[in-house]
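Following: one structure in structure tokens, then a few remarks.
This structure is a prediction, so every number in the text was calculated from the model and none was measured. The first residue in the sequence is number 1, and the count goes up from there.
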Amino acid sequence: MARAVPIEKLRNIGIIAHIDAGKTTVSERVLFYTGRTYKIGETHEGTAVMDWMVQERERGITITAAATTCSWGGHTINLIDTPGHVDFTAEVERSLRVLDGGVVVFDAVAGVEPQSETVWRQADKYRVPRICFVNKMDRVGANFWRTVEMIRDRLSMEPVTLHIPIGFEADFTGVVDLVAGEAITFTGSRDDRPTIGPIPDSLRDEAKRHRDLLVERVAEHDEQLMISYIEGREIGVAELKKAIRRQTIANTVTPVLCGSALRNKGVQPLLDAVVDYLPSPVDIPPVAGRHPDSDEPVERRAEDSEPLAALAFKIVADPYVGRLAYFRVYSGTVRVGQQVMSTARHQRERMGRMYVMHADKREEIEEVQAGGIAAVGGLKGTFTGDTLCDPDHPVLLEAIQFPEPVISVAIEPKTKDDQDRMGEALTRLAEEDPTFRVRYDKETGQTIISGMGELHLDVLVDRMRREYRVEANVGRPQVAYKETITRPAHAEGRFVRQTGGRGQYGVVVLDVRPLERGSGVVFVDKVVGGAIPREFIGAVEAGVRERLESGVLAGYPVLDVEVTLVDGGYHPVDSNELSFRTAGSIGVREAVGKAGPVILEPVMKLEIRVPESFLGDVVGDINARRGHVVGMEAVGNLQVIRAEVPLAELFGYTTELRSMTQGRGTHSMEFDHYAGLPRAASEAMLARSRA
């Protein structure tokens with residue numbers, strides 16, 4: 001089927017930013033001015049088209065990345081509006097993986113905010129070309145030039161200003177387009193077209209100075225423009241646009257525009273910039289993968305005639321059409337009913353109904369060509385990050401890497417009916433969200449759910465209640481403490497019951513000694529001379545291991561101990577497996593009680609990234625949490641702190657770190673080892689357990 005527009009006129013872009021910078025407000029204006037919607041939705045009124053979830057409209061924030069398609073200037077734009085809150089960073093991660101360009105929105109008052117830095121680094125990872133839009137120019141305290149300097153200093157990028165504002169704060173009326181050399185003014189009414197005219201006399205000198213600076217900075221990176229610049233030729237509009245486009249796609253410069261989306265100012269020039277400066281699928285390098293069998297490198301060009309290569313980047317449980325997989329086609333064409341290979345799982349799938357998505361609305365289509373983004377139903381065995389390809393030309397594309405969860409809570413159903421439904425609900429939510437993990441802790445008997453932050457888990461529990469009708473209690477998980485011994489000990493275990501008739505008789509002599517951390521429980525048989533018949537040795541070991549699952553201090557499992565069976569006694573009639581199992585249990589309990597038992601706690605390996613100005617506060621807080629710093633290094637303008645901190649001291653740490661660092665600190669943690677609980681903390685715990 002012929003394309004509606006050539007692939008060169010296709011733009012796959014995402015709108016990314018810190019929370020409250022105005023991403024969704026920009027998206028809503030884009031939809032209105034491209035004719036995709038006839039009414040502008042507002043985030044603060046809960047009517048935004050792109051924020052369609054109940055939880056998004058209640059909280060006034062974006063939680064899930066929403067996709068739509070619109071047209072501008074003869075170009076087709078596939079747009080994804082992403083969340084700004086750090087708890088939902090996975091939505092940004094997977095969106096940037098499949099997009100060709102990005103619009104980064106900044107608040108003109110706040111400038112570069114913490115999550116702006118995070119999403120910028122994510123875009124750097126995938127080498128996504130960007131343009132910047134300094135929003136909220138009408139607000140009190142708005143400062144365009146300060147924001148531009150923050151982009152240069154904090155994000156280590158060369159910003160090139162294509163606009164200078166006409167007026168500031170309440171007097172902001174438009175922009176001077178430095179490329180075209182004209183003024184664009186806005187009335188603020190959504191229905192009025194921008195007025196294009198000459199640059200005001202009061203800004204003429206400033207505009208000339210900034211245009212010369214723009215040409216100079218682009219020419220530093222662009223050889224073709226440099227030749228014209230050195231030769232002193234007049235730089236025309238078309239030549240300058242081409243040079244800016246080349247260097248934007250090469251990620252050497254980032255164009256900066258400004259406006260006020262809420263006041264309907266600056267959105268049309270932003271759309272022009274998307275078309276003029278951001279890449280089409282053919283402007284970026286061919287997608288790289290490898291052959292699943294030979295591991296040989298494979299490339300796929302963005303052409304309809306190439307073999308199919310697509311990446312599933314998002315799974316959604318739609319209440320009307322069931323399980324939907326969002327996917328990006330990098331090469332080839334895919335049609336409804338076509339057989340494809342899910343390469344990572346070596347599983348054939350049949351493409352079901354396919355849809356172009358408009359937030360939560362669907363428009364059914366028959367095929368998707370190279371560069372397209374769509375959703376498909378009916379793929380039961382395809383998950384986030386899976387490659388879909390032509391079975392005769394297999395390729396495995398690089399999967400999406402997601403951050404590890406950093407916070408966990410225990411969850412339990414309120415009723416028996418809720419218990420039956422909770423497992424299915426948690427499984428479906430985990431399928432949709434790769435940063436949401438579910439596990440059952442056998443030691444504490446709790447179901448533990450893990451995510452990127454308290455808001456993340458709060459939203460998921462709320463979705464479970466509304467979408468799956470599961471009511472649940474959420475609490476703090478218990479720490480999985482252990483016990484061990486500190487010195488060798490010797491003890492006898494006797495289980496003798498002889499009161500007439502067949503009785504019970506089992507005697508064991510055990511030595512215990514401590515082992516290195518991580519050794520577990522080791523049982524050694526050193527019985528000689530038939531003191532205990534061979535058929536009862538297994539029963540002794542079973543009794544020992546069973547008893548060590550519940551220690552002598554607080555009932556926690558005992559770790560890192562060697563138990564040696566050195567002697568014993570038996571009765572030819574009264575001895576049996578039960579007797580020796582019980583004797584082994586009694587003996588090891590006595591031995592551990594004499595061996596200086598202590599409580600062990602899990603210690604987490606913590607990596608924290610913070611700006612240097614917060615380093616002292618963060619290190620002091622680590623020490624206050626019974627942790628210690630094992631290393632520090634500077635990475636760019638951040639300090640990376642590596643520390644070991646007890647898990648019991650880390651509940652709520654995500655919130656505390658954000659508070660300490662004004663939201664600019666991030667961290668990840670994983671289990672490292674068990675260490676002895678300090679005496680004071682151990683005594684307090686034992687006192688609580690006896691109470």
Side-chain angles (χ1 to χ4, degrees), residues 439-447 478-600 674 682 685-686 688-691:
R439 66 181 175 86
Y440 179 73
D441 191 330
K442 291 186 289 187
E443 294 170 357
T444 63
Q446 293 176 306
T447 297
Q478 298 176 17
V479 177
Y481 291 102
K482 310 287 185 185
E483 296 182 20
T484 193
I485 58 175
T486 57
R487 58 177 182 263
H490 177 87
E492 179 184 80
R494 298 179 64 86
F495 184 63
V496 179
R497 299 286 187 272
Q498 293 173 306
T499 55
R502 190 175 181 88
Q504 305 282 348
Y505 190 97
V507 178
V508 300
V509 179
L510 302 172
D511 287 339
V512 295
R513 71 179 184 92
L515 296 176
E516 290 184 2
R517 294 286 172 266
S519 302
V521 174
V522 177
F523 181 83
V524 180
D525 171 23
K526 287 191 176 178
V527 172
V528 293
I532 299 175
R534 305 306 307 166
E535 63 266 27
F536 297 140
I537 300 296
V540 175
E541 181 177 358
V544 165
R545 292 188 179 277
E546 185 178 339
R547 187 66 186 85
L548 291 180
E549 289 178 6
S550 179
V552 299
L553 288 177
Y556 296 115
V558 180
L559 287 182
D560 306 330
V561 58
E562 181 182 273
V563 180
T564 304
L565 178 61
V566 294
D567 201 0
Y570 79 102
H571 188 279
V573 176
D574 292 344
S575 291
N576 54 38
E577 285 196 3
L578 177 61
S579 302
F580 279 99
R581 188 183 187 108
T582 308
S585 176
I586 294 170
V588 79
R589 184 186 63 198
E590 293 292 326
V592 167
K594 297 176 182 177
V598 293
I599 294 174
L600 297 175
Y674 273 91
S682 179
M685 175 187 288
L686 293 176
R688 287 195 302 270
S689 66
R690 294 189 193 104

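Counting heavy atoms from C-beta on, the side chains of Asn576 and Gln504 come closer than 4.5 Å. Val508 has its side chain out of reach of Glu492: every pair of non-hydrogen atoms, C-beta onward, lies at least 4.5 Å apart. Between Leu515 and Val522 there is a side-chain heavy-atom pair separated by less than 4.5 Å. Counting only heavy atoms from C-beta outward, the side chains of Glu535 and Glu577 never approach each other to under 4.5 Å. Between Val540 and Phe523, the closest side-chain pair of non-hydrogen atoms falls below 4.5 Å. With contacts defined as side-chain heavy-atom distances shorter than 4.5 Å, the pair Ser585/Thr582 does not qualify. For the pair Val524 and Glu562, the minimum side-chain heavy-atom distance is below 4.5 Å. Taking 4.5 Å as the limit, every side-chain heavy atom of Val598 sits out of range of all side-chain heavy atoms of Glu483.
When every heavy atom of Ala554 is checked against every heavy atom of Ile599, the shortest pair comes out as CB-CD1, 4.3 Å. Annotation for Gly587 and Ala491: closest pair O-CB, 3.8 Å, computed over non-hydrogen atoms. Nearest heavy atom pair, residue Pro488 against residue Pro514, reads N-CD, 3.9 Å. When all heavy atoms of Leu686 and Leu553 are compared, the closest pair comes out as CD2-O, 3.6 Å.
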Mind listing the side-chain donor-acceptor pairs of residues 563-571 below 3.5 Å, one per line with the distance, residues two or more places apart or on another chain?
unit_1	atom_1	unit_2	atom_2	d
His571	ND1	Val573	N	3.0
His571	ND1	Asp574	N	3.0

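The pair Arg513-Asp560 does not meet the salt-bridge criterion, since no charged nitrogen lies less than 4.0 angstrom from a carboxylate oxygen.
In this structure, the side chain of Arg534 does not engage the main chain of Ile537 through any donor-acceptor pair within 3.5 Å. A donor-acceptor pair under 3.5 Å is absent between the side-chain atoms of Ser575 and the main chain of Pro572, judged by distance alone. No donor-acceptor pair under 3.5 Å is formed between the side chain of Ser579 and the backbone N or O of Gly506.
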Intermediate values then yes/no, salt bridge (Lys or Arg N to Asp or Glu O under 4.0 Å), Glu549 and Arg545: CA-CA 7 Å; Glu549 289 178 6; Arg545 292 188 179 277; over 6 Å; no

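Scored by the side-chain hydrogen bond (donor to acceptor under 3.5 Å, both in side chains) test, His490 finds Asp511 as partners (sequence neighbours excluded).
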